[in-house]
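Shown next, in structure tokens, is the structure this report addresses.
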There are 2 protein chains.
Amino acid sequence: MKSNKRILLVEDDPNFGRILKDYLTLNNYEVSLAVNGIEGFEKFNRSDFDLCILDIMMPFKDGLTLAREIREVNELIPLIFLTAKNLKDDVLKGYKIGADDYLTKPFDSEILLAKIKSILNRKPNVSTEEKDTFEFEFGDFNFNSKLRILTHKEGESFKLSPKENQLLKMLVLNFDDLLPRDIALNKIWRDANYFTSRSMDVYIAKLRKYLDNDPSLKIINVHGEGFRLMKE
Amino acid sequence: MKSNKRILLVEDDPNFGRILKDYLTLNNYEVSLAVNGIEGFEKFNRSDFDLCILDIMMPFKDGLTLAREIREVNELIPLIFLTAKNLKDDVLKGYKIGADDYLTKPFDSEILLAKIKSILNRKPNVSTEEKDTFEFEFGDFNFNSKLRILTHKEGESFKLSPKENQLLKMLVLNFDDLLPRDIALNKIWRDANYFTSRSMDVYIAKLRKYLDNDPSLKIINVHGEGFRLMKE
DNA sequence: AATAGATATTAACATTTCATTAAGAAATTT
DNA sequence: AAATTTCTTAATGAAATGTTAATATCTATT
């Protein structure tokens, strides 16, 4: 059972942060831990999350400030605050910024889990930004990335695997332009190393096989840089 | 600065209920007070509210039971529970029913107000419920989701169980499109885990058996994503 | 309360899908 | 020519799904 929901956790106490991260990971969330507001904001901007859990009391940049910055960029992502005591003022400020909930430490982990579920449940896939664009035309193909189907006009249909699908989508979105290897690796494989890179090559090969049905389409390699989907 | 938002407050302690009602009224909400679950449900059905605040511990019909009944009729209305301190079990049950939040008594009225505001200000959920439509045609079938009957034209009729019915309805509402697994699980099973997921698979198998009567209809699996009811 | 019938969940096993890794060939750069 | 990067096929194991049957739970009626 994959949930694959991504949580950004910002907590300055390393012990507590680590434990909480592990606990959430055990419950099938993908958790990124930042130890202060500055790092938190960087991480937030570098990838897509479904929910943020922010400690309020932190050095350098406190959780409320961080929340305001996040809200400027993304006004929908659910925010949960952790407050040390029952600092009513913080709670009220939090709600004003647009918090979805808060928890006072110490809190019960099961309740946190229930809250997370409840929140993610009523705000379906916030992070799926490109929700509207899932249908593409290129060459002789029609490509539906939501249903993961690649159809050759007056030809056969291919069911794509999740990775094939993501990779093809990125290529199509950059049609005739370079898709840098490490960008694709970081987005799809969430990591860029020798092995993920080999894996990506395998998927390029698979996509090429599909695209053979329209001989005018090509996936060109730019040595050391990446790939380029093009016509002719 | 009139808000016009209507709140149903169900609280058996008459003193506390009265005070809370007055407090909310002062803050520009229109409050209807019921003193037990039975009266609460009657009031709920008699008019439209924007939010419900339910005490859990009540004679005759407790808040959780009331919440379940309300959820059957209206699956979107926000619910806030009031619970005595330390009743973790109640809290978890509440979330499972689809609570939006809970407060432990005694609570701070300003915080309650902040919560209410936060919940009511939430961007209205996109799901424009097609609550009223309960009769569908697809393939050779006529499907009445209110009576839970699936009829094959010039063929036999099937009485559907509640779960079969809900699942088929969601598939039909998303005809030819993806019905994401976790959306269906959260809506029908109110939880998404390994076991509910297996249960769902069993129901898909049952539906497929019914649909065999029109060989042009198929329920296709999109691996890792969900199912798709389609023709051809 | 007891029981039967309907409904829902869980178990078990088969099948399919998928991602990764290995391994050797080919291409490109130095 | 040596080193690096890319190409392609195949093998492997893990995870998701299909299916049937066995339990468990619920509901209505006696």
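Just the heavy atoms: all of them, side chains too, but no hydrogens, waters or symmetry mates, feed the values below. In the text below, chain A, chain B and the rest are named by the order of the sequence lines, each starting its count at 1.
If you take CG of B/Leu179 and C1' of D/dT17, they are 15 Å apart, rounded to a whole angstrom. In this structure, CE of B/Met200 is placed 9 Å from P of D/dT17, rounded to the nearest angstrom. To the nearest angstrom, P of D/dT8 lies 12 Å from CG of A/Leu207. Rounding to whole angstrom units, CG of residue B/Asn193 and C1' of D/dA16 are separated by 15 Å.
Remark: A/Asp108 engages B/Lys88 in a salt bridge, criterion side-chain N to carboxylate O under 4.0 Å. Remark: B/Arg6 does not engage B/Asp50 in a salt bridge, criterion side-chain N to carboxylate O under 4.0 Å. For the pair A/Asp214 and A/Lys153, the salt-bridge criterion is not met [side-chain N within less than 4.0 Å of a carboxylate O]. We find that B/Lys105 and B/Glu11 are joined by a salt bridge, their nearest charged nitrogen and carboxylate oxygen being less than 4.0 Å apart. One finds no salt bridge joining B/Asp212 and B/Lys218 here, because no Lys/Arg side-chain nitrogen approaches an Asp/Glu carboxylate oxygen to under 4.0 Å. Look at A/Lys117 and B/Asp191 and you find a salt bridge, because one of the NZ, NE, NH1 or NH2 atoms lies within 4.0 Å of a carboxylate O, short of that distance.
Using a 4.0 Å heavy-atom distance criterion, B/Ser199 is classed as a base contact. Residue B/Tyr203 is classed as a base contact, given a heavy-atom separation below 4.0 Å to a base.
Classified by interplanar angle (parallel below 30°, tilted 30° to 60°, perpendicular above 60°), the ring pair B/Tyr102/B/Tyr95 is perpendicular.
Both B/Lys159 and B/Val222 lie close to DNA chain C; mapped to their nearest nucleotides by heavy-atom distance, the more 5′-ward contact belongs to B/Lys159.
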Test side-chain contact (heavy atoms from CB on, under 4.5 Å) applied to A/Leu82 and A/Phe107, step by step
CA-CA 9 Å; A/Leu82 305 181; A/Phe107 56 83; 3.8 Å; yes
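From the 5' end on, the contacts that DNA chain C makes with chain A at under 4.0 Å to a non-hydrogen atom open and close at C/dT17 to C/dT29.
With hydrogens and angles disregarded, a donor-acceptor distance shorter than 3.5 Å links the side chain of B/Glu164 to the backbone of B/Ser161.
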How would nucleotides 18-29 of chain D be written as a contact map, 5' to 3', with B for base contact, S for sugar-phosphate-only contact and - for no contact, using protein heavy atoms under 4.0 Å?
BBB---------
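Proximity of A/Phe227 to A/Leu178: side-chain heavy atoms (C-beta onward) are nowhere separated by under 4.5 Å.
Atom CD1 in B/Ile97 sits 9.5 Å away from atom CG in B/Leu54 (nearest 0.5 Å).
Rounded to 10 degrees, the angle separating the terminal axes of the helix from C/dA1-D/dT30 to C/dT30-D/dA1 is 40°, with each axis obtained from five end pairs.
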